[in-house]
Amino acid sequence: MREAPAESRREAASLRDWLGHNAWRLLLLFAGVLLPLAGFVTLADEIHEAESLHFDNALLLHLHALATPALNSFFVLVSRLGYEWGVIPADVLIVLVLLMRRRWRKGAFAATAFIGSALLNMGSKQLFQRERPSLWESIAPESTFSFPSGHAMGSMTLAITVVLLTWRTRWRWPVLAGAVLFVALVGLSRVYLGVHYPSDILGGWCAALVWVIGVHTVMFRRRRSLPPL
């Protein structure tokens with residue numbers, strides 16, 4: 001009869017020890033996977049049902065009212081840096097550097113994150129086939145489908161991958177700040193240019209977070225597990 005309280009205390013201590021080492025992982029799973037997944041599913045359901053999201057047109061028109069030649073040039077540049085001029089070259093460079101330094105698992109993680117994100121984006125566009133906004137003639141028109149935004153998804157994939165790769169270094173906070181600014185500007189540029197609805201941007205961000213953090217959790221999970229209770 002006296003063994004039960006002792007066993008219970010050992011189990012409680014084991015649970016506290018496990019939570020002490022893994023609480024941040026649970027938080028990352030919740031904030032980086034479960035919440036974005038819920039957000040993506042909600043947006044996807046609205047778009048699949050051809051529902052009009054009330055904030056989409058309002059934000060598009062608000063940003064278009066702020067247009068100036070200087071802002072046009074700035075956001076066209078940001079938009080290109082968010083894909084062909086910046087994100088794609090950075091993706092390739094990061095994978096090559098990691099492999100050259102024999103960081104095999106990190107290189108495999110980055111390559112899986114980047115390639116998988118691109119394939120997921122292309123598949124999602126074909127699945128939802130959402131037409132681009134047509135409230136005005138854009139100075140940087142696009143011809144592919146709209147949801148989710150490839151620029152938003154690609155920039156978020158790059159950003160969160162770099163943040164995770166540098167998280168245990170002294171550069172994590174500057175990298176995180178730069179990543180947040182870059183992702184926000186790329187997303188804003190696509191709405192400003194009138195080639196994406198704001199919900200396309202949110203969908204791209206959510207999908208990228210779910211994918212990259214999910215891949216990282218699988219590839220870098222701790223082998224230590226919670227003892228059976």
Side-chain angles (χ1 to χ4, degrees), residues 25 28-29 31-37 39-41 43-44 77-128 140 142-169 171-190 195-196 200-221:
R25 292 177 180 274
L28 181 64
L29 178 66
V33 176
L34 297 182
L35 285 182
L37 181 59
F40 184 84
V41 169
L43 291 168
L77 174 61
V78 170
S79 181
R80 289 175 177 169
L81 289 173
Y83 192 67
E84 67 268 29
W85 288 5
V87 167
I88 292 178
D91 289 351
V92 174
L93 181 62
I94 287 170
V95 173
L96 289 178
V97 168
L98 289 172
L99 295 180
M100 289 174 62
R101 297 182 64 184
R102 299 181 183 274
R103 305 292 179 88
W104 306 118
R105 187 156 61 155
K106 289 184 176 181
F109 160 65
T112 302
F114 299 148
I115 296 172
S117 177
L119 293 175
L120 181 60
N121 181 260
M122 289 187 289
S124 297
K125 284 181 181 290
Q126 293 302 316
L127 176 64
F128 294 103
E142 297 281 358
S143 58
T144 57
F145 292 117
S146 190
F147 181 87
S149 165
H151 282 67
M153 196 165 171
S155 61
M156 178 62 84
T157 297
L158 172 62
I160 196 65
T161 298
V162 174
V163 167
L164 290 171
L165 289 173
T166 60
W167 190 248
R168 295 186 180 275
T169 74
W171 299 105
R172 61 179 174 180
W173 297 118
V175 167
L176 179 61
V180 170
L181 179 61
F182 177 66
V183 167
L185 284 175
V186 171
L188 185 62
S189 74
R190 303 303 284 168
V195 293
H196 275 298
D200 298 333
I201 306 301
L202 294 176
W205 288 346
C206 289
L209 282 168
V210 172
W211 171 250
V212 177
I213 293 178
V215 171
H216 187 271
T217 301
V218 170
M219 296 187 69
F220 293 92
R221 69 184 186 278

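Put simply, the side chain of L209 does not reach to within 4.5 Å of the side chain of T157, judged on heavy atoms. Contact of the H151 side chain with the E142 side chain is registered, since non-hydrogen atoms from C-beta on lie closer than 4.5 Å. The closest side-chain heavy-atom distance from L81 to V186 is not below 4.5 Å. Taking 4.5 Å as the limit, some side-chain heavy atom of I213 sits within range of a side-chain heavy atom of I160. Using a 4.5 Å heavy-atom threshold, the side chains of S124 and F147 count as separate.
Within a 6.0 Å sphere centred on CD1 of I115, other residues, nucleotides and ligands contribute 12 heavy atoms or fewer. Within a 6.0 Å radius of CZ in F145, more than 12 heavy atoms belonging to other residues, nucleotides or ligands are found.
Put simply, the side chain of S117 never gets that close to the backbone of F114: no donor and acceptor are under 3.5 Å apart. Using modelled atom types, no side-chain atom of N121 and backbone atom of G204 make a donor-acceptor pair closer than 3.5 Å.
Note that CG of L127 and CE of M122 are 14.0 Å apart. Values are rounded to the nearest 0.5 Å. Separation of atoms CG (D200) and CZ (R190) is listed at 10.0 Å; rounding is to 0.5 Å. Between L98 atom CG and R105 atom CZ the span is 13.0 Å, to the nearest 0.5 Å. Note that CD1 of I88 is 4.0 Å distant from OH of Y83, once rounded to the nearest 0.5 Å.
Scanning all heavy atoms of the two residues, the minimum distance from V195 to A140 falls at CG1-O, 3.2 Å. Across every non-hydrogen atom of S155 and V183, the tightest pair is O-CG2, 3.6 Å. The minimum heavy-atom distance between V212 and A113, with the atom names listed, is CG2-CB, 4.2 Å. In terms of heavy atoms, G82 sits closest to V87 at O-CG2, 3.2 Å. Considering every non-hydrogen atom in both A90 and L158, the closest pair reads CB-CD2, 3.9 Å. For the pair V78 and L185, the tightest heavy-atom approach, listed with the atom from each and the gap, is CG1-O, 3.5 Å.
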Q: Report the C-alpha distance between L120 and M153 in whole Å, list the side-chain angles of each, state the deciding distance to 0.1 Å, and finish with yes or no for side chain to side chain contact (heavy atoms under 4.5 Å, CB included).
A: CA-CA 10 Å; L120 181 60; M153 196 165 171; 3.5 Å; yes
Q: Evaluate side chain to side chain contact (heavy atoms under 4.5 Å, CB included) for L164 paired with T161, printing each intermediate quantity in order.
A: CA-CA 5 Å; L164 290 171; T161 298; 6.0 Å; no
Q. Going through the distances and angles, do W211 and T112 end up as a side chain to side chain contact (heavy atoms under 4.5 Å, CB included)?
A. CA-CA 10 Å; W211 171 250; T112 302; 4.0 Å; yes
Q | Stepwise side chain to side chain contact (heavy atoms under 4.5 Å, CB included) check, R172 with V163 | A | CA-CA 6 Å; R172 61 179 174 180; V163 167; over 6 Å; no
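The residue from S189, S146, S79 that alone fulfils the side chain to side chain donor-acceptor pair (under 3.5 Å) condition with H196 is S146.
Between F109 and F220, the gap from one ring centroid to the other is short of 6.0 Å.
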